[in-house]
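Read through the structure below, which is laid out as structure tokens, and then see the notes.
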Amino acid sequence: MSSAGVWGEEKGLFPQAGVLLTWYDRQRRKLPWRSPPGERADPYRVWLSEIMLQQTTVKAVGPYYARFLARWPSIESLAAAPLEEVLKTWAGLGYYARARNLHACARAIVERHGGQFPASEAALRALPGVGGYTAAAIAAIAFDLPAVPVDGNVERVVARLFTVASPLPAAKPELRRLAHALMPRQRTGDFAQALMDLGATLCTPKRPACALCPWQDACAARRAGDAENYPRRAPKREGELRRGAAFVALRADGFVLLRSRPARGLLGGMTEVPTSEWHTDFDEETGMGEAPRLSSSCRERERNTRWRRLPGRVRHVFTHFPLELCVYTAELPVGTPAPAGMRWAAVVALADEALPSLMRKVLAHALAAGRGLINTGPAQDRRRPARQRA
Ligand code: SF4
């Protein structure tokens, strides 16, 4: 389509918001964070769900949302919680920067806004961890302000409605402009949620259910019979494979050696077993030099060199690169001190640790090979199997 105008407007085929809202009134999804029809949504619940739903499926978010709400039913209670507890409750949901920002945002709302979410898109956007999409979602859903949250689902719907020819990500500004052109003057919160539902239930990436779609008459891609070809995408460049080693040190009394990652960066602040650096040109022999030094005496240090390389590798995919870790285990006597910056944690209590999925995979791999499987908590890849950005 031409970027100068809106496709179909001149032909009377412009998708009408009212048609979508009528469909939404009948078909809206029942979601735990949604208010009943006609009721204004609670900004705290909208915000909490929107942060959790970033890059994560509704199904995966459900139990976490319930857990957070039961434990911290208000923004004040979340702001008063220790960060460590928030991270632990978040463990397994992935993209951990969100948990740190969630906590920082709760504090900012209490300190700067007296515990009330600001009712403006710009003020919401200024809060920690609240990007353009989330600010628009809260503004529309909780305050019925004229805002359209545009995520991948909405981009797909709009690209198909108007057969937008330019590929993502370059097409984003055009798709946002078109999405705003669809917005009604009233019921903007319902309209935002209707667009989300349409993208999630009918206008799916593969085999969209166009025959059930309220906008089928106005949809250019449906009329052309090539909906699946939209949105157009620029060819992807895969990140290069990085490799490294993970060291699972087990003490004879059922403790495992852990440490915390630096607060900033990938998996920031989360718990891990010691690992080597991760490189594209990782060399296993050199990597062994990065194993933790676990003993104080020379004799014990000799014993400490008996790291056992387990067969196989643990594979994980982050947003910008895939990772393979080989896993080493060592058994240490009771009383072995933890090296500086590390600590021993009971294997039976690992579910309480803020372990990201990668580390749960590593521990499951090591413990299955050693002393039998243990319960490593709720995090075995409940998110969608696509890419993980921590
Ligand atoms: Fe999507 Fe099909 Fe509806 Fe077009 S008609 S918006 S392609 S579901």
Side-chain angles (χ1 to χ4, degrees), residues 1-31 34 37 50 53-59 132-133 136-137 140-141 146-236 384 386:
M1 64 158 273
S2 152
S3 60
V6 173
W7 189 96
E9 211 169 8
E10 69 284 1
K11 300 175 191 170
L13 287 174
F14 191 75
Q16 299 299 315
V19 175
L20 184 68
L21 285 167
T22 302
W23 169 81
Y24 177 72
D25 290 339
R26 286 198 307 266
Q27 305 290 342
R28 71 203 296 270
R29 288 179 295 171
K30 285 196 177 71
L31 300 172
R34 258 189 195 165
E50 287 299 337
L53 285 164
Q54 289 166 9
Q55 316 291 332
T56 312
T57 62
V58 165
K59 192 175 168 202
Y133 173 84
I141 299 169
V148 184
V150 180
D151 66 353
N153 278 347
V154 174
E155 284 175 349
R156 184 169 62 252
V157 171
V158 174
R160 288 171 175 178
L161 285 173
F162 302 109
T163 52
V164 173
S166 46
L168 285 169
K172 280 177 180 288
E174 185 179 3
L175 293 171
R176 267 199 298 275
R177 181 180 65 76
L178 290 166
H180 278 85
L182 293 167
M183 184 178 64
R185 289 209 173 86
Q186 292 174 334
R187 296 187 65 191
T188 51
D190 283 346
F191 179 74
Q193 293 174 97
L195 268 183
M196 292 173 184
D197 282 12
L198 184 65
T201 62
L202 298 184
C203 199
T204 47
K206 298 280 173 211
R207 304 180 66 177
C210 299
L212 302 174
C213 179
W215 274 344
Q216 58 182 277
D217 290 339
C219 178
R222 202 274 310 163
R223 289 152 62 89
D226 65 349
E228 280 194 22
N229 289 328
Y230 294 91
R232 306 273 198 222
R233 290 183 193 280
K236 250 187 196 171
R384 65 183 177 188

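What you are looking at is a predicted structure, and each value in this text was computed from that prediction instead of being measured. Order of listing sets the numbers, starting from 1, for every ligand and every atom in it.
- Annotation: Gln186, atom CD; neighbour count of heavy atoms from other residues, nucleotides and ligands within 6.0 Å does not exceed 12.
- Checking Tyr230 against Arg232 by side-chain atom types alone, a donor-acceptor pair falls below 3.5 Å.
- Across all non-hydrogen atoms, the minimal contact from Glu228 to Arg160 is CA-NH2, 3.9 Å.
- Closest non-hydrogen pair, Pro149 versus Tyr133, comes out as CB-CE1, 3.3 Å.
- Scanning for side chain to side chain donor-acceptor pair (under 3.5 Å) contacts around Asn153 gives Arg156, with sequence neighbours left out.
- Across all non-hydrogen atoms, the minimal contact from Ala221 to Thr163 is N-CG2, 3.5 Å.
- Listed by chain and number, Arg160, Leu161, Cys203, Cys210, Cys213, Gln216, Cys219, Arg222, Ala227 each place a non-hydrogen atom less than 4.0 angstrom from ligand 1.
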